[in-house]
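Worksheet: one structure, shown below.
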Amino acid sequence: MADSTGRTALLARGRRVTTALGGSRPTGTRHPLIAVAMVLPLAFLLAVVFGGWEAVVTQASSVAGMLGR
């Protein structure tokens, strides 16, 4: 319980700093397509850099084999 007090104070301080710097606190949630558009370039970059395409193909074939396809 004591830990939640520190986090609450830290969040309140962060909100004050954001407001003081002229920012506004976002309300609601962003549309899922916007979130996907934000994440895809980084995901593509990481997949290329770390050789993720082979891992995706391996996992997909394993799942397909378990499903009997």
Side-chain angles (χ1 to χ4, degrees):
M1 287 306 266
D3 189 40
S4 65
T5 304
R7 280 185 284 172
T8 303
L10 184 62
L11 287 173
R13 185 177 347 142
R15 289 183 191 125
R16 285 193 304 264
V17 169
T18 301
T19 304
L21 293 175
S24 63
R25 190 165 164 232
T27 58
T29 59
R30 68 176 47 97
H31 193 276
L33 290 178
I34 300 299
V36 168
M38 292 170 64
V39 169
L40 278 180
L42 180 61
F44 178 75
L45 176 69
L46 290 173
V48 170
V49 169
F50 293 107
W53 294 119
E54 291 83 13
V56 170
V57 170
T58 302
Q59 291 294 325
S61 65
S62 296
V63 170
M66 288 190 329
L67 293 175
R69 294 183 179 196

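Along the sequence shown, the residues carry numbers beginning at 1. Computed from heavy atoms alone, side chains included, the values below leave out hydrogens, waters and symmetry copies.
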Query raised in the report: Are Val49 and Leu42 grouped together when hydrophobic residues (ILVMFWY) are joined by side-chain heavy atoms under 4.5 angstrom apart?
Result: yes

Query raised in the report: Can you list the residues that meet the side chain to side chain contact (heavy atoms under 4.5 Å, CB included) rule with Val63, with sequence neighbours excluded?
Result: Leu67

Report task. Flag yes if Leu40 and Leu33 sit in one hydrophobic cluster, no otherwise; membership is Ile, Leu, Val, Met, Phe, Trp, Tyr, and two members link when side-chain heavy atoms are under 4.5 Å apart. Result -> no

